Amino acid sequence: MERTLVLVKPDAIQRGLIGTIMNRFERKGLKLIALKFMKLDDALINKHYAHLVDKPFFPFIKAFMTSAPVIASVWEGLDCIEIVRRIAGITNARQAETGTIRGDFGVSVQKNLIHASDGPEAAEEEIARFFQPDELQAYDLFMTAVLYSGDELGG
Ligand code: IDP
Ligand code: MG
């Protein structure tokens, strides 16, 4: 099954939206594999937002992302990278569709509540950036058998 990294950003922490946001993924049927409450440092932000370091707004991203801790999590499910991106909504929360996290709770391009890996390569890299292999929990989620059909589970 696919895995993806989610960060609940400092704006969501400040606004008391941790449970609301995490619930979107739980109720969809994704499996929580790893969870951490942590403050990001400069080195981590430089790597995580390397594609934006030359942008004029990069210092604002840095200030924002270090303004409070984040919740880092890893979720698992069939096609979960795309599922989580769709649940998050597009980057600009003002234009994000109602029903998405950004569309329902955000009004900012930058303070958009959540990060989600944007593809398989990014997911693999980002999970390794935030978690040691032994921090990824291996367990049977009993509702998996109810959520998926047998052929989807490969047997
Ligand atoms: P994504 O989070 O939807 O994948 P990216 O383009 O990867 O969007 O940008 C990473 C983060 O950088 C965004 O979530 C947002 O917080 C911030 N960001 C992106 N574009 C802008 C911008 O034009 N102005 C301010 N902040 C931005
Ligand atoms: Mg991105």
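For ligands, and for the atoms within them, numbers begin at 1 and follow the listed sequence. All figures in this text were calculated on a predicted structure; none of them were measured in a lab.
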Just wondering, more than 12 heavy atoms not from K62 lying within 6.0 Å of its NZ?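 Check passes, neighbour count above 12.
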
Are side-chain N/O atoms of T100 and E97 paired as donor and acceptor at under 3.5 Å? no

Hits for salt bridge (charged side-chain N to carboxylate O under 4.0 Å, His left out) against R94, two or more places apart or cross-chain, chain-then-number order -> none

Checking E124 now: which residues fulfil salt bridge (charged side-chain N to carboxylate O under 4.0 Å, His left out) with it, not counting sequence neighbours? none

Set of residues that line ligand 1, where lining means a heavy atom lies under 4.0 Å from it: K9, Y49, H51, L52, F57, I61, R85, T91, R102, V109, Q110, N112

Is the terminal nitrogen or CZ of K36 (NZ for Lys, CZ for Arg) located under 6.0 angstrom from the six-membered ring centre of F131 and within 45° of that ring's axis? yes

Hits for ring-ring contact (aromatic ring centres under 6.0 Å, His included) against F130, two or more places apart or cross-chain, chain-then-number order -> H48

